[in-house]
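Below is one structure, written out as structure tokens; the observations come after it.
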Amino acid sequence: MRGRGDARGSRALAVSWRPATWHPRLDMGRLSRPRSSTSHRNLPHLFLLFLFVGPFNCLASYSRATELLYSLNEGLPAGVLIGSLAEDLRLVPAAAGRQDQQPAPPERAGSEPRPPLSFSLASQGLSGQYVTLDNRSGELHTSAQEIDREALCLEGGGGAAWGGSISISSSPSSDSCLLLLDVLVLPQEYFRFVKVKIAIRDINDNAPQFPVSQISVWVPENAPVNTRLAIEHPAMDPDAGTNGVQTYRLLDYHRVFTLDVEENENGERTPYLIVTGLLDRETQDQYVSVIIAEDGGSPPLLGSATLTIGISDINDNCPLFTDSQINVTVYGNATVGTPIAAVQAVDRDLGTNAQITYSYSQKVPQESKDLFHLDETTGVIKLFSKIGGSVLQTHKLTILANGPGCIPAVITALVSIIKFIFRPPEIVPRYIANEVDGIVYLKELEPVNTPIAFFTIRDPEGKYKVNCYLDGEGPFRLSPYKPYNNEYLLETTRPMDYELQQFYEIAVVAWNSEGFHVQKIIKVQLLDDNDNAPVFLQPLIELTIEENNAPDAFLTKLYATDADSGERGQVTYFLGPDAPSYFSLDSVTGILTVSTQLDREEKEKYRYTVRAVDSGKPPRESVATVALTVLDKNDNSPRFINKDFSFFVPENFPGYGEIGVISVTDADAGRNGWVALSVVNQSDIFVIDTGKGMLRAKVSLDREQQSSYTLWVEAVDGGEPALSSTAKITILLLDINDNPPLVLFPQSNMSYLLVLPSTLPGSPITEVYAVDKDTGMNAVIAYSIIGRRGPRPESFRIDPKTGNITLEEALLQTDYGLHRLLVKVSDHGYPEPLHSTVMVNLFVNDTVSNESYIESLLRKEPEINIEEKEPQISIEPTHRKAESVSCVPTLVALSVISLGSVTLVTGMGIYICLRRGKKHRGEDENLEVQIPLKGKIDLHMRERKPMDISNI
């Protein structure tokens, strides 16, 4: 037997096959079967069983109960083969267990046909959800319902029974997850009851997840190093084994913490926070980090939560006073209950650890305690009883600040009592500016020397001289108002700016000759005016955005400040009139967006203005410039200027010569616009310069070997990922006259042709046939006789176009013998025509009686004078000059004459043909007269040696 697996490596584990009543150790690596010795021992029992086969048919069925165990990964697609029951039960050979072949039961004795096997689930519960069973082949496949191990086993709970067709079994103490099936094998005589276990292997398809997103841990600030604190809410991972949570770590340990993981007996891992440094809540009361849980999958998956480490307070600080002594003056006519001073200590701890109570030291006399009352909670000292004449002028009050478990902090309040009672000077204000409840309101734009108030300074008893001055800082001046005595004017000295300072507190102080001082506090509140325009942080706002952005993409948030207050400082944002319509600016938040996709190739830079306007009356505004640069993305393929390029190149072009430039552009910029060219095909012949785009041929090109080339050039840009395009290149080779005509017939200068003396004038004798590998005018061939030798060689002529040689004149008795014609075959090449020559030998005689004689004549070098006359071939002009005068009458006359001539020539031709036909019929036996050009020329041509072709 063998396991099954899918293409991704999910395999079926080994199959275990045993009778239901046999319980050996389960071997996960191979098939376990009963030993043969056991079978021999069971033979007597089997004999008895056959005797009682009818009554105990049930026992026979149970003896064939079998278990099969497979395994596969969760999450496999539909159609993955789990296993073949027919093969694994050895009901058919291994190669037969396929859907295209019907499984057959084991061979039976006799010649009875074997009924086909069928496989079915014991019941139709949930079988269709997870697996499909082929009834004929017994193959198990995954179904369309994806198997999720976590959903099946974590929700399924404990083990399930075998009662149904499909059930789920999972063990809390292990990672096993089984899918259980009961399969029936029929027909009845081959009945098997098969229990199939499918172990679902876990894959790392779930990331660790913390039950809460925020985890808080409290650590006492006096926690010693190596203190371990369990972190509640550990991460959970539905995956099993190594795919579950394996380790934890912190994103930031803050140099005072580390993390450890402990594993319990059940394999659960709990993270522990370990203190590695000293903590001080008063220095830092909280640490925030991110705890990360990592599983053991490949690649590992992560889960995270925010870990807040709070430092709890302990009573490690005591109350402290900032001063050690304060001085207090109390007048003898002071009212009982008047606060004369207050002390305050500070404890850096929190809560009950920072509670402070105040008390007098035991050194303070009871008389002082009775005169001055100390509030133990607030530290305020009040006059508790009326100051009498016998009261001491100086009291030293020692005050303690008490904290829990602390040594009290000490401060001394030195109280001086002035017993003399007289009426102090009087300050009478008369306000000119707007005053409400003791506060004077001035506009910030008030001019210099704006009057605020008049002050009258006087002594109620009229005994003492009174002087006054202005105490405090600010743009104010107090000066005598002449000509009146004791009248003073308070006025401004310079312009005031609300944005620099909104509130002033000054005092008009009066004192008499006895040194007694009195003051009048004046509070000045400036009122804001809209004297400031909004100010952008930057006058030029430079922005960048990648092209092909999403609609309504965020660009920036504009921020302008206005130093004015209230509505005057509220800023509203507007786009300038030069801004394109697809830019939007939120008037309240200042968020600048673009509503459409930007294309750098269409426009790379945008420059427009934005305005910031305040709400003052009248409103003020400022302007900034937005400079937006659209960054390039590789969204354009290289583009050839033409889809097809054609180049005309003369043949025999030298290697690596410049054929032509392949022009290509890429609308992108930078590396995205760099283009590299390469030849896709024909790269063994052609090469292209990447920089210049120059196409070159590595070798010299011969048109006669190949007249044209078609190749494809690919342009690839430098983007990531790279984009490319191709163009078709056609190279046409222009012919040059590099091939002389090649004479194909006659094939040798030593061949000859018998010409009968009875040959009629005008009869064709033979032909010279030549070809030229060039094209066009370079291949137009002309034939001419440039040399003659013989009795009367001028009797023969050659057609300059066709090369046909005809008899011009009737042959005479004196013309018998060898006639030798030197034929020049010339092309019309440019700039210089090329030519070849061939010797045409014509032997005029009735018969060839002495071949050796003719051969001897052919072997002699002929003394032939070369004629320098070039062959003339008329070439029809392609254009004719238009006649300058009217030629209609002439054309009519010529048409009439031509028609008559055609009629006459046609009649004569018919007459001559009829006569020649009769003559030919009478001379059929006279072969010497008819000299065929091609079909019968071999009757008289004799090949002696290859034709010598020489160029002249």
Heavy atoms from other residues, nucleotides or ligands near [atom1] of [X] exceed 12 (cutoff 6.0 Å):
{"X": "Glu720", "atom1": "CD", "result": "no"}
{"X": "Leu278", "atom1": "CG", "result": "no"}
{"X": "Glu232", "atom1": "CD", "result": "no"}
{"X": "Gln209", "atom1": "CD", "result": "no"}

Is [Y] close to [X] at the side-chain level, that is, under 4.5 Å between some pair of heavy atoms?
{"X": "Leu631", "Y": "Ile545", "answer": "no"}
{"X": "Glu547", "Y": "Asp668", "answer": "yes"}
{"X": "Arg600", "Y": "Glu546", "answer": "no"}
{"X": "Phe191", "Y": "Leu186", "answer": "yes"}
{"X": "Thr710", "Y": "Ile729", "answer": "no"}
{"X": "Ile147", "Y": "Leu76", "answer": "no"}
{"X": "Tyr272", "Y": "Glu262", "answer": "yes"}
{"X": "Val196", "Y": "Ile198", "answer": "yes"}

Carboxylate-amine/guanidinium proximity below 4.0 Å for Glu263 and Arg269: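 A salt bridge is present here (some side-chain N lies under 4.0 Å from a carboxylate O).
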Presence of salt bridge, Asp666 and Arg639, under 4.0 angstrom: no
How close do [X] and [Y] get, counting heavy atoms only, and between which atoms?
{"X": "Val212", "Y": "Ala305", "value": "O-CB, 3.7 Å"}
{"X": "Pro116", "Y": "Pro187", "value": "O-CD, 3.5 Å"}
{"X": "Ser71", "Y": "Arg201", "value": "OG-NH1, 2.6 Å"}
{"X": "Ala235", "Y": "Ala293", "value": "CB-CB, 3.5 Å"}
{"X": "Ser120", "Y": "Asn135", "value": "CA-OD1, 4.3 Å"}
{"X": "Phe210", "Y": "His233", "value": "CD2-O, 3.4 Å"}

Partner set under side-chain hydrogen bond (donor to acceptor under 3.5 Å, both in side chains) for Asn222, not counting sequence neighbours: none
Thr308 and Val217: CA distance, side-chain angles, deciding distance, side chain to side chain contact (heavy atoms under 4.5 Å, CB included) verdict: CA-CA 6 Å; Thr308 302; Val217 177; over 6 Å; no
Side chain to side chain contact (heavy atoms under 4.5 Å, CB included) between Ser289 and Tyr253, worked out: CA-CA 7 Å; Ser289 185; Tyr253 291 93; over 6 Å; no
Polar contact flag, side-chain donor to acceptor under 3.5 angstrom, Asn243-Asp202: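 Yes, a side-chain donor-acceptor pair sits under 3.5 Å.
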Asn206 and Asp239 side chains, donor-acceptor separation under 3.5 Å: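 Note: Asp239 and Asn206 side chains meet the donor-acceptor criterion.
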Side chain to side chain contact (heavy atoms under 4.5 Å, CB included) between Thr306 and Val288, worked out: CA-CA 7 Å; Thr306 301; Val288 179; 4.0 Å; yes
Backbone of Leu723 reached by a side-chain donor or acceptor of Asp717 within 3.5 Å: yes
Aromatic ring proximity His254/Tyr287, centre distance under 6.0 Å: yes
